[in-house]
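Atoms within each ligand, like the ligands themselves, are counted from 1 in listed order. Any value given below was found using the heavy atoms of this structure, including those in side chains, with hydrogens, waters and symmetry copies removed.
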Amino acid sequence: MCGIVGYTGTRVAGPVLIEGLKKLEYRGYDSAGLAFHENGQLIITKAAGSVADLEKLLDDKHKTFKAGVGHTRWATHGPPTDLNAHPHSSASGEIVVVHNGIIENHRALRKRLSEEAGIEFRSETDSEVLAHLIEYYFDGDLLTTVRRAMSEVEGSYALVVAGSKQPDLLVCARQASPLIIGIGEGENFVASDIPALLTHTRKTCIMDDGEFASITPEKVELFDKEGLPVEKEIFEITWDQEAAEKGGYDHFMLKEIMEQPDAVRETLRQRVDLEAGKVDLTELEFSAQELSKTERIFIIACGTAYHAGLIGKMAIESIAGIPVEVDVASEFRYRDPLLNPNQLAIVISQSGETADTLAGLRMARSKGLKVLAITNVVGSSVSREADQVLYTWAGPEIAVASTKAYVTQLIALYLVATYLGQIRGTVEPRQSLELVEGLLALPGQLKQVLSEESRTLIKNYCEHLVNWDNAFFIGRNLDYPVAMEGALKLKEISYIHAEACAAGELKHGPLALIEKGLPVVALATQEAVLDKTMSNVQVVNARGGAVFAITREDFDDVSRQVEAVFYLPAIIDILTPVLSVVPTQLIAYYTAVARGCSVDKPRNLAKSVTVE
Ligand code: M6R
């Protein structure tokens, strides 16, 4: 995710800001920039590339100023280019902004500002609109102007604004994106994340949604939306640098698991309309005619993304009635699939750089298929080569084990399935509303699934699992791909051999491996096959297997039939994979921790697999 640093005080700001940006590098970014005051003007230096590259661009005069703002960008609107990098300035250059988050109504604001003020935009970003909007309303008082401008803005933002007229003032605003003020002696700081502050101060004050701040070297003042002063508590941060980078969690993987509610909310943002009971993917420039004549879909992906594809297949087939084939990309490229231009390929890749997936994409295009990419990285190879891109807004994923990216891939696939169903008339308005309501309920339900109580339950279960070298994950229907994903995650980070098995297949061979105490994780979330799954569980019980069931709270009979149970909130069958995967992620995580494994960087694996 993007990073923000701001400084106002008596020190030369350049090194302070550069150092702060370097402390935020772990979050992932693709460009960086700074703005300083110089002779009554704000001078911006920014470029695609690293903070080290940016540092080289700063000449000595840039190093003499006492206040400024800095930013590391992780592209969302528009690829990583010099122009799209932050800071962004107003037409006169008198207002400069750095922004994290997404401005949902940026198109409407752009249009208005071009028509009413003749503004010519320089970048493709949503953020640039903020600099122009603030200038449009500027009345000499930066704080009140920012408040006024932001009252017209919809979306999420952590915003720091500098104005050329008041060289030591920074004005900040926060809505659904973190912003933390660091309090020093005769100097003050602001940052999107604690690591950027720690070398200078441990005294912080955390801004809440809807708050504004005015920061000078001597004073920090906070206000609410109406401009009334807000009293804030000052926190003393006790984390060390490493803990701060992980948001206080022991590993990036756990941090990313815990970020899933927000990642899902962001991926749904502006794509579902509760009032209309519809999904809106008009951001994809495929014509309705093109989509309605799609004969078949090929989903191409690797690893975890492939497992998301398996669920996507079931969702698209049942909601939109289009036949779907799912291929591991490394197999797709070497088989002879029957491809023609009336088909659509969907490639799924968190990184957007996976060599096999990219080769599958190219092969599909060469046969005349239109390609839709589902990826998390703007400007990645996959996003550049596909015809259309549906971004997952999970933010950078640092742990090698994919968690929040996977969950947002599922969301993207449900959106595609529902959208196709609407276009093709295979989804009734009532069903479409049910799906939309179900999707919007997911962030809250994920929070429930991630509660401390749930995590303790899983941790306790892992005390049993940790002593075994083998485990099974079983499930039917939509639970089967989730079982595959659970098994992959356990293998990947705990090095326990785990096998996923369609529950009905146990008796055709794998049952021979069940012995007393062998850990078997049974996914039993699908109402339509619940009885069948539970009879497979009985067969495991009869051979002494220790079954841990992941099921739904409305299936209260399950607990009597297994050793331990994890209940998910009640949810419609089709959406359960979004929730049921979470306990499997936690099982892998706590088991790996208990075995002393390198959780974030498992042996032999890389985050981005750019070789065949
Ligand atoms: O970046 P991609 O989504 O294309 O990566 C695909 C796989 O390499 C990836 O999902 C891998 O399986 C994960 N490490 C699993 O946690």
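The shortest contact between atom 13 (C) of ligand 1 and any protein heavy atom is with Glu492 OE2, 3.5 Å. Of all protein heavy atoms, the one lying nearest to atom 15 (C) of ligand 1 is Thr304 OG1, 3.0 Å. Shortest contact from atom 7 (C) of ligand 1 to any protein heavy atom: Cys302 O, 3.7 Å. The nearest heavy-atom contact from the protein to atom 1 (O) of ligand 1 is Ser351 OG, 2.6 Å. Looking only at protein heavy atoms, the nearest one to atom 3 (O) of ligand 1 is Gln350 N, 2.6 Å.
Using a 4.0 Å cut-off between charged side-chain N and carboxylate O, Arg271 and Glu283 make a salt bridge. Note on Glu266 versus Arg269: salt bridge recorded, some NZ/NE/NH1/NH2 to OD/OE distance being below 4.0 Å.
The contact set between ligand 1 and Lys489, taken as ligand atoms under 4.0 Å from a residue heavy atom, comprises 15 (C), 16 (O). Distances below 4.0 Å separate heavy atoms of Ala401 from the following atoms of ligand 1: 16 (O). Heavy-atom proximity to Gly303, at under 4.0 Å, picks out these atoms of ligand 1: 12 (O). For ligand 1, the atoms closer than 4.0 angstrom to any heavy atom of Ser402 are 15 (C), 16 (O). Shown in contact with Ser349 at under 4.0 Å from a heavy atom are these atoms of ligand 1, numbered in order with element: 1 (O), 2 (P), 3 (O), 4 (O).
Between Ile311 and Glu485 there is no side-chain heavy-atom pair separated by less than 4.5 Å. Side-chain atoms of Ile322 and Leu420, non-hydrogen and from C-beta on, do get closer than 4.5 Å to each other.
Looking at Lys607 next to ligand 1, no N or O pair under 3.5 Å apart turns up. Checked against a 3.5 angstrom limit, the closest N/O atoms of Gln409 and ligand 1 fall outside it. Residue contacts with ligand 1: Val400 is placed with a nitrogen or oxygen under 3.5 Å of a nitrogen or oxygen of the ligand (distance criterion only).
Minimum interatomic distance between Tyr480 and Gly475 (heavy atoms only, all atoms of both residues): CB-O, 3.6 Å.
With Arg73 contributing its side chain and Gly33 its backbone, the two residues share no donor-acceptor pair below 3.5 Å.
Using the six-membered ring where Trp is involved, Phe332 and Phe298 have ring planes that are tilted, between 30° and 60° apart. Using the six-membered ring where Trp is involved, His71 and His86 have ring planes that are parallel, under 30° apart on the 30 and 60° scheme.
Of all the listed residues (Val377, Thr354, Ile348, Val609), Thr354 holds the heavy atom that lies closest to atom 5 (O) of ligand 1.
Every heavy atom of Glu353 sits 4.0 Å or more from the atoms of ligand 1.
Remark: Arg603 is positioned above the aromatic ring of Tyr495, its terminal NZ or CZ atom under 6.0 angstrom from the ring centre and at most 45 degrees off the axis.
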> Would Glu397 and Ser402 satisfy side-chain hydrogen bond (donor to acceptor under 3.5 Å, both in side chains), going step by step from the backbone distance to the final call?
Replying inline: CA-CA 7 Å; Glu397 196 177 60; Ser402 185; 3.1 Å; yes

